[in-house]
Each structure stands twice: as C-alpha cells, then as structure tokens.
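Worth knowing before you read on, the calculation uses all heavy atoms, side chains too, and leaves out hydrogens, waters and symmetry mates. Order of appearance sets the numbers: ligands from 1, and atoms from 1 within every ligand.
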Amino acid sequence: MIEVKNIYFKYAKEFVQKNTSFSVSKGEKIALFGVNGSGKTSLLKLLDGLIFPQKGEILFEGQKLTKQSLKDKDFRKEFRTSVGLLFQNPDIMLFNPSVYEELSFGLKQLQHRNLDEKINYWAEKLNLSGLLDKSPVKLSGGEKQRIALASILILEPKLLLLDEPFSSLDPRATGWLIDFLNSLDSTLIMALHNMELAREIAERVIVLSENHEIIYDGDINDFANNKEELVKAGLWHRHSGKEPHFHNF
Ligand SMILES: Nc1ncnc2c1ncn2[C@@H]1O[C@H](COP(=O)(O)OP(=O)(O)OP(=O)(O)O)[C@@H](O)[C@H]1O
Ligand SMILES: [Mg+2]
C-alpha cells in the first residue's frame with residue numbers, strides 16, 4: 001500500500017528523517033515509537049502528503065506522492081478519500097462553529113450523501129450525540145480528541161494515520177478505541193508512547209531514534225521484551241538512586 005524509499009526531510013537545517021525506508025501492506029497495524037522530537041509527527045505528515053521529502057520518494061498504491069502529483073484532481077481526490085490523519089493537537093483540526101458542522105465538513109468536501117445518518121452514527125459511537133450543537137472550542141481536551149477522531153473516521157479511510165490518539169482519552173474512550181481499531185479492516189499507523197496499549201492493537205512496531213533514524217522495524221512483542229532495545233530507543237528509563245531500576249513510562 002505504501003512504500004517509503006530512502007527519504008530525507010528537514011524543516012530547517014537539520015534532517016528530521018534520515019534515509020527512512022519501509023513498506024506497509026494493506027491491513028497492517030503498525031505502532032510508531034520514538035522519544036519526543038524523534039520525528040513521528042513529521043513522518044505521519046509526510047505519509048499524509050502535507051509535507052514532502054527533499055530526497056527519496058513515497059509511493060501510495062504505486063503512485064508517487066509529491067506536491068505535483070497531488071495537483072492532479074483525480075489523484076488528489078482518491079488520495080484524500082483514502083487517507084486520514086488525526087493530528088496530535090486536535091485544536092489545529094477543529095475550526096467549525098459546531099460539532100455537527102465539524103463532522104459534516106469532510107463529507108461535504110467529498111460530496112457525500114446521507115450526512116445526517118452518518119453523523120448521528122459516528123456521534124453515537126464516539127459518545128458525542130449530546131454535543132452536536134456545541135462549539136468545539138468550548139469543549140474539554142478529551143471531547144475535542146473524540147470529535148477530531150470522529151471527523152476522520154466518518155470518512156472511512158483505507159489508511160488511518162493517528163498521532164497519539166489516546167493522549168487525552170479517559171479509560172472508557174480508550175477501551176472503545178482499542179476495540180474499534182482492532183475491528184477495523186483499514187491499514188493503521190499510529191504514533192504513541194504506551195507500549196501496553198500499542199501491543200493491544202499493533203503487531204509491528206517502527207521505532208525512531210533521537211537522531212531521526214529507524215532503529216527497529218519488526219515484531220512488537222519481540223521489541224517490547226527486549227530490554228536492551230527499549231533502553232537504546234529511550235523508552236525505558238534507568239532511575240538514579242540506591243537501587244537503579246528500569247521503569248517503563
Ligand atoms: N514546523 C516545524 N518547523 C521546524 N522544526 C520542526 C517543526 N515541526 C517539528 N520540528 C522539529 O522536527 C523534529 C521532529 O519533530 P516531530 O514533531 O516530528 O517529533 P515527534 O516524534 O512527533 O515528537 P513528540 O513525541 O514530542 O510528538 C523536532 O526536532 C522538532 O523540533
Ligand atoms: Mg509528535
């Protein structure tokens with residue numbers, strides 16, 4: 001479904017993706033790990049065609065993903081219908097005056113019908129039915145995250161890119177999202193920091209280092225059981241003190 005071939009990307013001087021390569025098959029569920037600043041969000045934005053590599057290439061279903069290729073109306077429509085990115089900060093995604101309009105926005109852009117039916121269905125699934133008339137900016141962090149998530153899921157993308165989707169969710173919403181993602185046929189790539197949560201959903205993990213390079217790509221359970229790999233990736237921490245111990249945060 002996706003091929004990332006030796007991409008390099010920088011915002012300013014320093015490359016934040018260095019020779020990144022991997023491919024993703026249809027239906028795979030992948031967790032993306034790495035310490036703060038390692039490049040997870042940048043990678044998800046590259047896969048969503050919001051930013052573009054200076055070197056290397058990304059193929060989506062065999063077609064090159066570039067600024068130029070997305071100018072083609074048919075490819076853009078196909079790509080935008082197929083791929084949905086949940087931003088790390090939902091505030092960036094929410095700009096409509098009401099939750100209802102937030103959920104209908106993407107559907108309208110893509111000229112969907114039966115808006116009401118779809119909106120009510122997803123609002124109910126994400127426990128948003130009582131909030132449809134409210135202004136998203138006046139809601140709580142978790143509510144905003146659920147709205148942002150609903151606005152992506154409602155488009156039923158083939159490839160779902162989620163940037164820390166659990167960060168503001170309460171246990172009930174977290175449990176629902178785990179079950180939902182497990183029931184989904186879509187391909188999934190999600191950035192997160194919680195290994196236990198990731199193992200509930202993903203079978204593969206891609207780990208970025210502080211130096212913005214992939215240091216592990218493989219079975220998530222093998223990775224999670226390998227203390228050395230976890231320390232190398234900065235995901236386990238050796239506390240100082242009388243008896244130093246490892247702590248999975
Ligand atoms: N818009 C930007 N302009 C310049 N530099 C940026 C921009 N966005 C991110 N960076 C830099 O790129 C690097 C990777 O950032 P990115 O947001 O991809 O990391 P991340 O792995 O998602 O981190 P976190 O776990 O904190 O969300 C960081 O060094 C960051 O400072
Ligand atoms: Mg991030």
Checklist entry - How about Glu61 and Lys158: do any of their side-chain heavy atoms sit closer than 4.5 Å? => result yes
Next on the checklist: Once rounded to the nearest 0.5 Å, what's the spacing between atom CG of Leu43 and atom CD1 of Ile214?
Outcome noted: 7.0 Å
Checklist entry - Measuring to the Mg ion (ligand 2), does Ser42 have an N/O/S atom at a distance below 2.8 Å? => result no
Item to check | Verify atom 1 (N) of ligand 1: protein non-hydrogen atom under 4.0 angstrom away | outcome: yes
Item to check | Which of the ligand 1 atoms, numbered from 1, are nearer than 4.0 Å to a heavy atom of Gln88 | outcome: 27 (O)
Item to check | Short N-O contact, Glu229 and Lys232, less than 4.0 angstrom | outcome: yes
Checklist entry - Is His193 in contact with ligand 1, taking contact as a heavy-atom separation below 4.0 Å? => result yes
Next on the checklist: Return the closest protein heavy atom for atom 25 (O) of ligand 1 as residue, atom name and distance.
Outcome noted: Lys40 NZ, 2.7 Å
Next on the checklist: Below 4.0 Å from ligand 1: does a non-hydrogen atom of Val35 turn up there or not?
Outcome noted: yes
Checklist outcome for this item: Shortest non-hydrogen pair, Ile189 vs Leu44, comes out as CG2-CD2, 4.0 Å
Next on the checklist: Please list the nearest protein heavy atom to atom 4 (C) of ligand 1 with its residue and the distance rounded to 0.1 Å.
Outcome noted: Tyr11 CB, 3.3 Å
Checklist entry - For the residue pair Tyr11 and Phe9, does the interplanar ring angle fall in the parallel (under 30°), tilted (30 to 60°) or perpendicular (over 60°) class? => result perpendicular
Checklist entry - Can you list the atoms of ligand 1 that are under 4.0 Å from a heavy atom of Asn36? => result 23 (O), 24 (P), 25 (O), 26 (O)
Item to check | Approximate separation, where rounding is to 0.5 Å, of Asn226 CG and Asp222 CG | outcome: 8.5 Å
Checklist entry - Protein heavy-atom contact under 4.0 Å for atom 6 (C) of ligand 1? => result yes
Checklist entry - Between Lys40 and Asp163, does at least one N-O distance fall below 4.0 Å, as a salt bridge requires? => result no
Checklist entry - Any non-hydrogen atom of Gly39 lying under 4.0 Å from ligand 1? => result yes
Checklist entry - Does His212 reach ligand 1 with a nitrogen or oxygen that is under 3.5 Å from one of the ligand's nitrogen or oxygen atoms? => result no
Item to check | Glu164 near ligand 1 by a heavy-atom separation under 4.0 Å | outcome: yes
Item to check | Presence of salt bridge, Asp48 and Arg80, under 4.0 angstrom | outcome: yes
Next on the checklist: Please determine whether Thr41 has a backbone or side-chain N, O or S atom lying under 2.8 Å from the Mg ion (ligand 2).
Outcome noted: yes
Item to check | Close approach, Ser38 and ligand 1, non-hydrogen under 4.0 angstrom | outcome: yes
Checklist entry - Is Val16 touching ligand 1 with its side chain, its backbone, both, or neither, if touching means heavy atoms under 4.0 Å apart? => result side chain
Checklist entry - Using the ring of each side chain (for Trp, its six-membered ring), is Tyr216 parallel, tilted or perpendicular to Phe223, with breaks at 30° and 60°? => result tilted
Checklist entry - What protein heavy atom sits nearest atom 17 (O) of ligand 1, and how far off is it? => result Thr41 CB, 3.5 Å
Checklist entry - Which option, Ser167, Ala12, Gly37, owns the non-hydrogen atom nearest atom 29 (O) of ligand 1? => result Gly37
Checklist entry - What heavy-atom pair brings Arg204 and Ser23 nearest, and what distance separates the two atoms? => result NH1-O, 2.9 Å
Next on the checklist: Closer than 4.0 Å to some heavy atom of Ser42 - which atoms of ligand 1 meet that?
Outcome noted: 14 (C), 15 (O), 16 (P), 18 (O)
Item to check | Intermediate values then yes/no, side chain to side chain contact (heavy atoms under 4.5 Å, CB included), Asp217 and Ile30 | outcome: CA-CA 10 Å; Asp217 179 355; Ile30 301 174; over 6 Å; no
